[in-house]
Amino acid sequence: MEPGVADGGWDVTEKSGAIAIGGLGLVLGAVGIEFVLSDPEPLAWWSFEFSVAAALPAVLMYAGYWLARTDFDADELWSVTAWSFAGVVALTTVGGWLFAHQTAEGTHVTDPGYLLVTLATVGALGGLTAGVARAGSIGGSATGTSADSVRTPSADEEDSAASLAEDGDASRDAAASDTDADCDADAASDAWVGLPSMPVNERAAEDVDLEDVVAGEQRRIAVEYLTSTPGRALTVHQLVDLIVERREAKTGDRPDREPIVRRLHCIDLPKLAAAGLIERDEHGRIRYVGGQEETARLSSLVEAIDAVDGGGDDDTPVDF
């Protein structure tokens with residue numbers, strides 16, 4: 001499974017934005033090559049024009065394929081698509097105005113159709129880049145809790161945190177006990193979605209070990225982010241970004257994404273869902289659904305662990 005891949009297969013409806021970008025590249029490539037073939041030029045110049053007309057749309061088509069393989073949800077993909085089309089409109093408008101101005105002054109413009117198609121493709125790629133950068137930054141815009149929400153952990157909470165963080169063994173053991181070497185990450189990617197979900201008012205009666213929930217670093221980061229603002233949600237892609245950024249800030253080394261994605265699908269998301277703390281919304285995002293009592297307890301435990309152990313140890317990766 002590729003880094004950032006949310007599902008083992010493709011949902012055409014979910015990925016329609018990426019398909020639109022690939023289709024745009026196909027259309028621009030076909031039109032551009034048609035202009036080149038219909039306008040004979042010296043071989044060297046013709047070869048250059050043909051290469052440009054084929055290469056740039058090919059990049060755009062590959063970008064559509066790449067987007068379809070990421071964890072961006074449908075809304076994010078259509079946002080990226082909108083940016084890409086906006087780039088097309090912007091550059092073709094500028095190019096059309098320049099060509100019209102040159103024509104009005106009596107200057108002959110060589111191959112205006114080809115140039116406009118090339119500008120449209122460059123605009124699509126520029127808009128695509130801006131859209132991807134914007135979509136990828138949403139998840140990291142506010143990862144911490146506000147100062148007003150921070151309170152001093154109680155003695156019992158500090159004791160619980162100390163027992164989890166002492167010598168780093170408890171956290172590692174909890175992570176290792178979660179490890180399933182036989183886990184099929186592709187099959188598990190959507191498994192947590194189908195776990196039974198109870199009404200919020202029934203979850204408080206369930207015997208959920210919240211200390212075990214926050215023992216894993218990746219679950220702790222997810223809980224901290226999702227509980228910091230009511231109604232907050234994020235995609236798996238955005239959660240992986242948060243985890244990568246947090247570990248890089250802590251260790252100075254940027255971790256690989258794939259082990260993080262696999263552990264989320266095989267262990268952390270199913271555990272959070274089984275505890276009745278998260279669900280997947282209609283846009284494919286992870287949304288926190290825990291009650292107020294659970295939220296307060298989880299926040300206290302996370303703060304206590306951070307205070308005692310500086311954020312706890314990294315989870316033991318899943319071995320495949």
Side-chain angles (χ1 to χ4, degrees), residues 139-166 168 170-175 177-178 192 195-236 238-243 245-247 250 260 263-265 267-281 285-315:
S141 60
T143 60
T145 55
S146 64
D148 294 338
S149 66
V150 176
R151 65 179 181 83
T152 303
S154 68
D156 289 341
E157 290 163 352
E158 289 185 346
D159 289 342
S160 296
S163 68
L164 288 174
E166 183 177 5
S171 183
R172 276 190 294 271
D173 289 344
S177 67
D178 287 337
W192 67 277
L195 290 174
S197 180
M198 297 170 293
V200 173
N201 59 5
E202 293 182 16
R203 293 194 183 101
E206 290 295 308
D207 185 16
V208 176
D209 186 354
L210 294 182
E211 292 182 8
D212 179 57
V213 170
V214 297
E217 182 197 30
Q218 297 191 168
R219 296 192 296 276
R220 197 159 56 245
I221 292 173
V223 165
E224 182 180 4
Y225 178 83
L226 291 169
T227 59
S228 61
T229 302
R232 175 168 283 176
L234 78 172
T235 64
V236 175
Q238 293 166 346
L239 178 54
V240 173
D241 285 343
L242 290 179
I243 294 169
E245 292 169 6
R246 189 73 63 86
R247 288 185 179 172
K250 180 180 174 183
I260 295 173
R263 182 179 176 84
L264 283 172
H265 287 318
I267 297 170
D268 297 319
L269 294 178
K271 177 164 283 192
L272 290 169
L277 298 176
I278 64 169
E279 65 181 11
R280 189 175 187 180
D281 66 15
R285 297 173 298 188
I286 306 164
R287 186 176 299 278
Y288 180 76
V289 291
Q292 292 182 353
E293 182 179 344
E294 293 161 316
T295 302
R297 176 67 172 157
L298 286 167
S299 298
S300 298
L301 285 171
V302 169
E303 292 166 14
I305 291 174
D306 287 344
V308 171
D309 195 41
D313 292 277
D314 291 347
D315 288 334

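Remember, it's a predicted structure, so these values are computed and weren't measured experimentally.
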query = Looking at side-chain heavy atoms only, is the closest gap between Leu269 and Val236 below 4.5 Å?
reply = yes
Min side-chain heavy-atom separation Leu234-Arg285 under 4.5 Å =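 Heavy-atom side-chain distance check fails, nothing below 4.5 Å.
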task = Apply the test side-chain contact (heavy atoms from CB on, under 4.5 Å) to residues Lys271 and Asp212: give CA-CA distance (whole Å), side-chain angles for both, the deciding distance (0.1 Å), then the verdict.
result = CA-CA 10 Å; Lys271 177 164 283 192; Asp212 179 57; 3.0 Å; yes
key: Lys/Arg-Asp/Glu bridge criterion (N-O < 4.0 Å) met for Arg247, Glu217   =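 Salt bridge between Arg247 and Glu217, a charged N being under 4.0 Å from a carboxylate O: yes.
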Sole residue of Leu298, Val302, Leu272, Ile278 in side chain to side chain contact (heavy atoms under 4.5 Å, CB included) with Arg219 = Leu272
Quick one: [atom1] on [X] to [atom2] on [Y], what's the gap to the nearest 0.5 Å?
| X | Y | atom1 | atom2 | value |
| --- | --- | --- | --- | --- |
| Ile286 | Asp268 | CD1 | CG | 10.0 Å |
| Ile221 | Arg246 | CD1 | CZ | 5.0 Å |
| Arg280 | Thr235 | CZ | OG1 | 9.5 Å |
| Asp241 | Ile260 | CG | CD1 | 9.5 Å |

ask   = Closest heavy-atom contact between Ser299 and Thr227?
value =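 Taking every non-hydrogen atom into account, OG-OG1, 4.0 Å.
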message = Show the nearest heavy-atom pair for residues Val213 and Ala275, with the distance to one decimal.
response =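 Shortest heavy-atom contact: CG2-CB, 4.2 Å.
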task = Measure from the side-chain N and O atoms of Arg220 to the backbone N and O of Val214, and report whether any donor-acceptor pair falls under 3.5 Å.
result = yes
